[in-house]
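Right, one structure below, let's go through it.
The residues of the chain are indexed from 1 along the displayed sequence. Everything quoted here is computed from the prediction, not taken from an experiment.
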Amino acid sequence: MVKLKLHLDADTSSKSLHLALVSKGHDVTRTPNDWMPLDASDEIQLLRATSQGRCIFYCSSRKVSATWWYYPCCSE
């Protein structure tokens with residue numbers, strides 16, 4: 001079975017959420033980390049997370065709309 005690889009963006013990146021997901025065996029990264037600075041733009045977070053084969057978890061529907069606008073392949 002394929003495991004989902006998830007990245008929590010800066011707005012959803014609480015340590016407690018990250019630890020809860022990791023403790024259940026999920027492959028989760030969060031902003032900030034060694035490859036994602038805390039001040040990374042939404043676009044950079046999306047590009048770096050997806051370059052590692054990760055789905056990105058956003059808290060804001062405005063960010064999702066912006067993602068679809070700039071990266072229409074992501075909405076398919």
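- Checked options Leu6, Leu21, Val28; the residue passing with Phe57 is Leu6 (criterion: side-chain contact (heavy atoms from CB on, under 4.5 Å)).
- Nearest heavy-atom pair, Leu4 versus Cys55, reported as atom, atom and distance to 0.1 Å: CD1-SG, 3.5 Å.
- Summarising the geometry, atom CZ belonging to Arg30 is positioned 8.0 Å from atom CG belonging to Leu19; distances are rounded to the nearest 0.5 Å.
- Here the closest non-hydrogen pair linking Ala10 and Leu38 is CB-O, 4.3 Å.
- Within the 3.5 Å criterion, the main-chain N or O of Met36 finds no donor-acceptor partner in the side chain of Gln45.
- Contact between Leu17 and Thr12 at its shortest, heavy atoms only, is CD2-O, 3.6 Å.
- Of all heavy-atom pairs between Leu47 and Thr50, the closest is O-OG1, 3.3 Å.
- The heavy-atom pair separating Pro37 from Arg48 by the smallest distance is CD-NH1, 3.3 Å.
- With rounding to the nearest 0.5 angstrom, the OG1 atom of Thr31 is 10.5 Å from the CG atom of Asp39.
- A side-chain donor-acceptor contact under 3.5 Å links Ser41 to the backbone of Ile44.
- With sequence neighbours left out, the side-chain contact (heavy atoms from CB on, under 4.5 Å) criterion links Asp27 to Lys5, Arg54.
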